[in-house]
Student: 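Got a structure here, written out as structure tokens. Questions coming.
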Amino acid sequence: MDKADRYLNRILRGTFLTGKEKAEWKAEMRTHIDCSVEELEEEGLGREDALERTLRQFGDPGMLRRDLTRQTYGISMDIILQVSALLWAAFLFLYLQSQFRLYDSRLVLPLIPLTLQAAVLFMLTTRNRADRFGLLGAVLPYILLHVCLAIGIPEAVRWYDAVMNGYTPDWRSYQLFLSMMFLWGLVLLKGTKNTGVAALPLFLAFLYKGFDLCRSLNLHLFSALDRGVNSASRHEVLSHLEGVSIRLFVLAVFLAVAHGYLQQQKSRPAGASRA
């Protein structure tokens with residue numbers, strides 16, 4: 001591996017691009033470097049000196065990495081990671097507050113930064129403006145849910161307790177909710193052709209139940225340390241675990257369906273879609 005390859009690897013390191021994308025970017029930048037080196041060699045410079053000057057002209061790898069990720073994701077990787085870290089800190093702060101009941105638990109405040117953090121991290125799956133609009137659409141149902149909970153709309157509170165929060169859910173509402181998120185994901189898939197964006201609604205459903213499971217495990221642990229193992233607490237943990245398993249299964253089915261749909265779209269003749 002020569003100096004140019006090491007330089008390009010520094011640019012591409014930590015970009016979260018796919019292997020194919022990295023190879024394409026590397027080939028393109030390597031072509032520019034080789035052309036510049038050849039021109040400088042024709043002017044009389046030795047190859048090492050020409051390569052050294054070319055890499056200096058290209059600039060700092062960190063700056064190029066930010067430009068590359070900004071072109072790919074619409075925002076630089078540094079900003080994505082910084083915003084994600086701030087949202088994670090906000091989640092931990094609100095979660096610890098929730099354990100001491102410092103606010104109305106119906107507002108489920110820790111889930112707000114957790115939702116936004118998932119959306120920020122899923123920006124790594126976007127490649128164009130349509131993907132980013134789709135990402136906004138993916139989190140929109142959850143944003144509306146939290147707005148309704150904050151306002152205190154009774155129907156929203158009852159629905160959240162029945163479907164999202166309770167460990168003995170209303171199964172009819174539960175199935176309706178997962179079906180709606182599945183169908184909404186298919187709509188997003190149709191519009192964006194992006195599996196990551198389309199899977200976000202169901203991923204958030206899984207994430208919310210995982211949050212409930214972690215909170216239940218925390219309470220079960222403290223309850224066991226304080227008063228011994230409680231059968232009701234154990235039942236709550238198992239019920240939340242069942243909910244997590246169901247949502248993970250639905251997410252896996254969706255990913256399989258999305259993969260099959262995209263493969264079918266790729267295999268269709270170019271004129272078939274216009275017909």
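Given the structure is predicted, the values throughout are model-derived calculations rather than measurements. All values below come from the heavy atoms of this structure, side chains included, with hydrogens, waters and symmetry mates left out.
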Student: Less than 4.5 Å apart, any side-chain heavy atom of L207 and any of L111?
Tutor: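 In short, these two side chains do not touch, never coming nearer than 4.5 Å.
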Student: To the closest 0.5 Å, what do you measure between CD1 (I33) and CD (Q57)?
Tutor: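 Those atoms lie 11.0 Å apart.
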Student: Kindly indicate whether the side chain of W88, heavy atoms from C-beta on, has any atom under 4.5 Å from the side chain of F91.
Tutor: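 Counting from C-beta outward, W88 and F91 do come under 4.5 Å.
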Student: Does the pair D78 and R65 meet the rule for a salt bridge (Lys or Arg N to Asp or Glu O under 4.0 Å), with working shown?
Tutor: CA-CA 9 Å; D78 291 348; R65 186 187 307 116; 5.8 Å; no
Student: Without swapping roles, check the side chain of T54 against the backbone of A50 for a donor-acceptor pair under 3.5 Å.
Tutor: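 Yes.
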Student: If you group Ile, Leu, Val, Met, Phe, Trp and Tyr by side-chain heavy-atom gaps below 4.5 Å, do Y95 and L121 land in one group?
Tutor: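 Shared cluster, no.
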Student: Tabulate below the donor-acceptor pairs under 3.5 Å that side-chain atoms of residues 190-206 make, not counting sequence neighbours, or state none.
Tutor:
unit_1	atom_1	unit_2	atom_2	d
T192	OG1	L188	O	2.7
T192	OG1	N194	N	3.2
K193	NZ	K190	O	2.8
N194	OD1	G196	N	3.0
N194	OD1	V197	N	3.1
N194	ND2	T125	O	2.7
N194	ND2	D131	OD2	3.0

Student: How long is the gap from CG on L40 to SG on C35, to the nearest 0.5 Å?
Tutor: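 Those atoms lie 11.5 Å apart.
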Student: In terms of hydrophobic clusters joined by side-chain contacts under 4.5 Å, are V83 and F93 together?
Tutor: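 Same cluster.
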Student: F177 vs Y142 aromatic rings, parallel, tilted or perpendicular, using cut-offs 30° and 60°?
Tutor: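 Correct class here is perpendicular.
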Student: Search all heavy atoms of T69 against all heavy atoms of R66 and return the closest pair with its distance.
Tutor: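 Taking every non-hydrogen atom into account, OG1-O, 3.1 Å.
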Student: Would you mind reporting whether R70 and I75 have side-chain heavy atoms less than 4.5 Å apart?
Tutor: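 I75 does not reach R70 side chain to side chain.
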Student: Taking F254 as the starting point, is it possible to reach V187 by hopping between hydrophobic residues whose side chains are less than 4.5 Å apart?
Tutor: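 Different clusters.
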Student: How about CZ on F133, more than 12 heavy atoms from neighbouring residues, nucleotides or ligands closer than 6.0 Å, or not?
Tutor: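 Counting other residues, nucleotides and ligands, CZ of F133 stays at 12 neighbours or fewer.
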Student: CE/M181 to CZ/R247 distance, rounded to the nearest 0.5 angstrom?
Tutor: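 Nearest 0.5 Å value for the CE-CZ distance: 10.5 Å.
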Student: L178 and I246: which non-hydrogen atoms are nearest, and at how many Å?
Tutor: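 Taking L178 first and I246 second, the nearest heavy atoms are CD1-CG2, 4.0 Å.
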Student: Would you say the side-chain atoms of W25 pair up with the backbone N or O of L8, donor to acceptor, closer than 3.5 Å?
Tutor: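 A pair under 3.5 Å: no.
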Student: Can a salt bridge be assigned to the pair D34 and R30 using a cut-off of 4.0 Å between side-chain N and carboxylate O?
Tutor: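 Result for this pair is yes, salt bridge flagged.
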Student: Any donor and acceptor pair, going by atom type alone, linking the side chain of R47 with main-chain N or O of E41 inside 3.5 Å?
Tutor: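 A pair under 3.5 Å: no.
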Student: Between Y73 and F16, is the ring centre distance below 6.0 Å?
Tutor: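 When the ring centroids of Y73 and F16 are compared, they turn out to be at least 6.0 Å apart.
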Student: Would a 4.5 Å heavy-atom cut-off, applied to side chains only, mark M29 and L64 as touching?
Tutor: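 Of all side-chain heavy-atom pairs linking L64 with M29, none is under 4.5 Å.
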Student: Measure the NZ-CD distance between K3 and E52 for me, rounded to the nearest 0.5 Å.
Tutor: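 Output value for this atom pair is 4.0 Å.
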Student: Are any non-hydrogen side-chain atoms of F58 and I11 less than 4.5 angstrom apart?
Tutor: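 Contact flag for F58/I11 side chains = no.
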Student: Could you tell me which residues satisfy side chain to side chain donor-acceptor pair (under 3.5 Å) with E39, sequence neighbours excluded, listed by chain and number?
Tutor: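 Listed in chain order: nothing, the list is empty.
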Student: Measure the shortest side-chain to side-chain distance between L114 and Q117 over non-hydrogen atoms and say whether it is less than 4.5 angstrom.
Tutor: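 Counting from C-beta outward, L114 and Q117 do come under 4.5 Å.
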Student: Any chain of hydrophobic side-chain contacts (each under 4.5 Å) joining V139 to L144?
Tutor: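 Unlinked, V139 and L144 end up in two clusters.
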Student: Within the side chain of T126, is there an N or O that forms a donor-acceptor pair under 3.5 Å with the backbone of M123?
Tutor: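 Such a contact is found between T126 side chain and M123 backbone.
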Student: Rounded to the nearest 0.5 Å, what separation is found between the CG atom of D212 and the OG atom of S239?
Tutor: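 Nearest 0.5 Å value for the CG-OG distance: 11.5 Å.
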Student: Are the side chains of L68 and M77 in contact, using a 4.5 Å heavy-atom criterion?
Tutor: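 Heavy-atom side-chain distance check fails, nothing below 4.5 Å.
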Student: Cluster question for you: counting only ILVMFWY and a side-chain heavy-atom cut-off of under 4.5 Å, with indirect links fine, are L81 and M63 together?
Tutor: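 Shared cluster, no.
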Student: Has R10 got a side-chain atom pairing as donor or acceptor with G62's backbone, closer than 3.5 angstrom?
Tutor: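 Side chain of R10 to backbone of G62: no pair is present.
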Student: Return the OG1 to NE2 distance between T115 and H146, rounded to the nearest 0.5 Å.
Tutor: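 Interatomic distance, T115 OG1 to H146 NE2, rounded to 0.5 Å: 4.0 Å.
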